[in-house]
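If you read the sequence from its start, that first residue is 1, and numbering goes on from there.
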Amino acid sequence: MAAPPTAGPAAAPEAPQKHRRTARSTGRPERRRGLRRLLSFWPQYVAVSPFFLLFLTFLFFPMIYSLYLAFQRWDGIGEMTFVGFDQFRFLIDDPTFWLALRNTLVIWVFATFPMLFMALVLATLLNSTRRLTSFYRVAYFVPNVTSVVAVSIFFFSAFSDRYGVVNAALQAVNVPSVPWLNNEWTIKAVIAMLMTWQWTGYNMIIYLAGLQAIPSDVYEAAKLDGAGPVRTFFSITVPMMRPIILFTVIISTVNGLQSFTEPQVLFGSNAANNPNSGGPGQAGLTTLLYFYHQAFDNNNFGYAAAIVWAFFLVILLFVAINWRTVQGRRKG
């Protein structure tokens, strides 16, 4: 009688082969089920597809094309000429670009920090009142939804050197008139005031939402300890609002460094031979206005693309600094 077969060395490879067949046979149905599950959501994908199509057409493709254009010399009509990094080298030695960048940073400093401080103070005052709160919210937020062009025209009329309302008010109290739109620093101050007037209400709404999340017990305990309104503001409100304040600093940095419409409307057509130059002494020439001037006044689209990409790196640098600040404060 023959002995029963035993599992020897020759039979060992059969188990892995069978296991691989089982894995393949079970893997294919799972992939099919996953594909069917993915296709079952096609109505939702169709519903959101217009956004992605518009994003790809009007944002992503122009962004990539502008990067390609930064390495070309092109006047918008003729053929492109590849120049490599020549335009970036010229950008480094371009004094007008550094003047525009300096103007942009000065206007950003003049506008951002007073604007955020005023927004926080207004939000604190509004949070402490119980009457007409809806009216104040709408009133402070209206400048943000008002046309920037209309506001710029109003500021141009109000700060006009000859017929401006501001100089008329100064003369009424025996104060000499100020050449608001003809002086290097007052030009920057007018643009900064315009941006402050427009964005204070927007940041106030954000701060108000953060203040309403602070427990009222904290303020009641501060009152019991004898803390006044000013001490409460700087010792309780500001520290507890720090993450929101840093968030608004980042958003205001991105928006403030992209100032274009304000100087463009104020000084866009004041010189027939050199439009969009930023006013007298180019004091209001911001980086994006310089980009617009090179692209649509000088028809130098390649160099304009190089300007805007260099400025994009500057904005990334400032955002990284703010982000580093946020992370450092959280760890601390």
Side-chain angles (χ1 to χ4, degrees), residues 100 103-119 121-123 125-126 132 134-173 175-206 248 251-252 254-272 274-293 296-297:
N103 292 340
T104 304
L105 295 178
V106 171
I107 293 171
W108 169 73
V109 171
F110 282 2
T112 301
F113 297 103
M115 171 185 64
L116 296 179
F117 180 75
M118 291 172 55
V121 172
L122 290 174
L125 295 175
L126 187 57
L132 300 176
S134 299
F135 169 77
Y136 289 126
R137 291 178 187 178
V138 174
Y140 285 121
F141 193 73
V142 162
N144 186 252
V145 297
T146 306
S147 171
V148 182
V149 176
V151 176
S152 301
I153 294 174
F154 170 77
F155 268 71
F156 179 81
S157 301
F159 288 93
S160 176
D161 297 338
R162 293 184 179 180
Y163 310 106
V165 177
V166 177
N167 277 336
L170 292 176
Q171 292 175 1
V173 294
V175 176
S177 60
V178 179
W180 294 103
L181 303 180
N182 284 284
N183 180 270
E184 177 184 359
W185 292 102
T186 54
I187 285 174
K188 296 180 176 63
V190 170
I191 298 175
M193 283 188 285
L194 196 161
M195 297 170 63
T196 301
W197 185 84
Q198 183 186 9
W199 290 99
T200 298
Y202 172 84
N203 291 284
M204 186 209 68
I205 295 298
I206 297 177
T248 56
I251 298 301
S252 300
V254 175
N255 291 330
L257 291 177
Q258 297 183 57
S259 56
F260 164 75
T261 307
E262 299 87 357
Q264 203 275 336
V265 176
L266 288 173
F267 309 105
S269 59
N270 66 332
N274 191 19
N276 301 308
S277 59
Q282 295 182 317
L285 181 66
T286 60
T287 309
L288 288 187
L289 184 59
Y290 185 49
F291 151 76
Y292 181 88
H293 175 65
F296 300 102
D297 294 331

Please say whether more than 12 non-hydrogen atoms of neighbouring residues, nucleotides or ligands are located less than 6.0 Å from CZ in Phe141. yes
Under 3.5 Å donor-acceptor, Thr104 side chain and Thr287 backbone: yes
Closest non-hydrogen atom pair between Tyr290 and Ala100, with its separation: CB-CB, 4.1 Å
Kindly write out the residues that satisfy ring pair (Phe, Tyr, Trp, His ring centres under 6.0 Å) with Phe296, not counting sequence neighbours, or none if the list is empty. Tyr292, Phe301
Once you round to the nearest 0.5 Å, how far does CD of Glu262 lie from CG of Leu266? 8.0 Å
Residues Ser177 and Gln171: closest non-hydrogen pair is CB-NE2, 3.6 Å
Nearest heavy-atom neighbours spanning Leu289 and Gly284: CD2-O, 3.9 Å
Qualifying residues under ring pair (Phe, Tyr, Trp, His ring centres under 6.0 Å), relative to Trp199, sequence neighbours excluded: Tyr202
Show every donor-acceptor pair shorter than 3.5 Å between a side-chain atom in residues 178-196 and any protein atom, with sequence neighbours excluded, or say none if there are none.
| residue | atom | partner | partner atom | Å |
| --- | --- | --- | --- | --- |
| Trp180 | NE1 | Asn167 | OD1 | 3.2 |
| Asn182 | ND2 | Asp161 | OD2 | 2.0 |
| Asn183 | OD1 | Trp185 | N | 2.9 |
| Asn183 | OD1 | Thr186 | N | 3.3 |
| Thr186 | OG1 | Pro179 | O | 3.0 |
| Thr186 | OG1 | Trp180 | O | 3.0 |
| Thr186 | OG1 | Asn183 | O | 3.3 |
| Lys188 | NZ | Asn103 | OD1 | 3.2 |
| Lys188 | NZ | Glu184 | O | 3.4 |
| Lys188 | NZ | Ala283 | O | 3.3 |
| Thr196 | OG1 | Ala111 | O | 3.4 |
| Thr196 | OG1 | Ala192 | O | 2.8 |

Can you tell me how far CZ of Arg137 sits from CE of Met204, rounded to the nearest 0.5 angstrom? 8.0 Å
Treating Ser152 as the side-chain partner and Val265 as the backbone partner, does any N or O pair qualify as donor plus acceptor under 3.5 Å? no
Give the minimum heavy-atom separation between Gly256 and Trp108, together with the two atoms involved. CA-CD1, 4.1 Å
Any chance you could measure Leu122, atom CG, to Ile205, atom CD1, to the nearest 0.5 Å? 10.5 Å
From Asn203 atom CG to Thr248 atom OG1, the distance as rounded to the nearest 0.5 Å: 5.5 Å
Atom pair CG (Leu257) and CG (Leu288), whose distance is rounded to the nearest 0.5 Å: 9.0 Å
Might you confirm whether atom CZ of Phe155 has over 12 heavy atoms from other residues, nucleotides or ligands at distances under 6.0 Å? yes
